[in-house]
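Here's the structure, in structure tokens; my notes come after.
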Number of protein chains: 2
Amino acid sequence: MENRLRELRERDSLTQEDLAARVGVSRQTIISLERGRYNPSLLLAYKLARVFGLRIEDVFIFEDGKGDE
Amino acid sequence: MENRLRELRERDSLTQEDLAARVGVSRQTIISLERGRYNPSLLLAYKLARVFGLRIEDVFIFEDGKGDE
DNA sequence: CCCTGATGTAAAACTAACTTGACATGACGA
DNA sequence: TCGTCATGTCAAGTTAGTTTTACATCAGGG
């Protein structure tokens, strides 16, 4: 699953640490997410989207697999 | 975090087992989600929303905590 | 009355999300 | 050159999502 975190974070001139603090996770978590290493929890995805004033689907990009991804 | 899973599932006359199969998880997972026992992964939330033809934010309801939820 | 299907619980086990800490690198300014 | 800030890696540990199995209840149909 891809996402626009890095792009959005840089757009807002936020550091990884800033962003982590805003959504209440560690910096490692942000790094791993930006690198697409895993699939966040829904709540975290939601908080991130809100930081950027977007909807979840506008931040996280789901390969449009019809079937089983 | 609340959600409309039960309502939507019944609207579409799906059984918990049907829904579980459609999104590729176990029936227990659906039960726990309907009862609000936890916070799904983003991917699961996305698949569920798609089954019902909705957006994630239309299925899962985030108490609108400004701050730290 | 019994059988079956749908829903629910409980507990143990596994996996994936997330944390913590230690360390490496490149860019930049003093 | 030295310090520092932002980014990154790695590895080990904790927590929470998810699975599996086994069992209980209730409703409806034969």
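Letters go in sequence order (proteins before strands), and every chain restarts at 1. Side chains included, hydrogens not; waters and symmetry mates left out as well; all remaining heavy atoms used. Quick caveat, the model's predicted, so the values are computed rather than measured.
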What's the closest nucleotide to the side chain of Gln28(A) if the choices are dG21(C), dT9(C), dG8(C)?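 When the side chain of Gln28(A) is considered, dG21(C) is the closest of dG21(C), dT9(C), dG8(C).
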
Which nucleotide in dT20(C), dT9(C), dT7(C) has an atom nearest any side-chain atom of Ser26(A):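 Closest nucleotide to the Ser26(A) side chain: dT20(C).
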
Rounded to whole angstroms, how far apart are [atom1] on [X] and [atom2] on [N]?
X        : N       : atom1 : atom2 : result
Asp18(B) : dT7(C)  : CG    : C1'   : 13 Å
Ile31(B) : dA10(C) : CD1   : C1'   : 12 Å
Met1(A)  : dA16(C) : CE    : C1'   : 12 Å
Arg35(B) : dT7(C)  : CZ    : P     : 11 Å
Tyr38(B) : dA10(C) : OH    : C1'   : 14 Å
Glu17(A) : dG21(C) : CD    : P     : 13 Å
Leu14(B) : dA6(C)  : CG    : P     : 11 Å

From the 5' end of DNA chain D to its 3' end, which nucleotides mark the outer limits of contact with chain B, defined by a 4.0 Å heavy-atom distance cut-off (strictly under)?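 The contact span of chain B on DNA chain D goes from dG17(D) to dT21(D).
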
Whichever of Pro40(B) and Arg9(A) has its nearest DNA chain D nucleotide further upstream toward 5':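 Final value for this comparison: Arg9(A).
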
Which comes earlier along DNA chain D counting from the 5' end, the contact point of Arg37(A) or that of Arg37(B), where each point is its nearest nucleotide?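 Between the two, 5'-proximity favours Arg37(A).
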
Does a side-chain N-to-carboxylate-O contact under 4.0 Å join Glu10(B) and Arg6(B)?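 Judged by the 4.0 Å cut-off on N to carboxylate O distance, Glu10(B) and Arg6(B) do form a salt bridge.
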
Just call it for [X]: base, sugar-phosphate, or nothing, with non-hydrogen atoms closer than 4.0 Å on any strand.
X        : answer
Ser41(A) : sugar-phosphate
Thr15(B) : sugar-phosphate
Arg27(B) : base

Could you tell me which non-hydrogen atom of Met1(B) sits nearest to which non-hydrogen atom of Phe62(B), and how far apart they are?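 Answer, listing the atom of Met1(B) first, then Phe62(B): SD-CE2, 3.3 Å.
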
Taking every non-hydrogen atom, the tightest pair across Ile31(A) and Gln16(A):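 Answer, listing the atom of Ile31(A) first, then Gln16(A): CG1-OE1, 3.4 Å.
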
For a quick check under 3.5 Å, do Ser32(A) and Thr29(A) share a side-chain donor-acceptor pair by atom type?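 Side-chain D/A pair, Ser32(A) to Thr29(A): absent.
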
Minimum side-chain heavy-atom gap Phe60(A)-Ile56(B) below 4.5 Å: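 Sidechains of Ile56(B) and Phe60(A): no contact.
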
Can you name the side-chain hydrogen bond (donor to acceptor under 3.5 Å, both in side chains) partners of Glu17(B), sequence neighbours left out?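 For Glu17(B), no residue satisfies side-chain hydrogen bond (donor to acceptor under 3.5 Å, both in side chains) once neighbours in sequence are set aside.
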
Are any side-chain N or O atoms of Asn3(A) and backbone N or O atoms of Ile61(A), one a donor and one an acceptor, separated by less than 3.5 Å?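 Not at all, since once roles are kept as given, no pair shorter than 3.5 Å links the two residues.
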
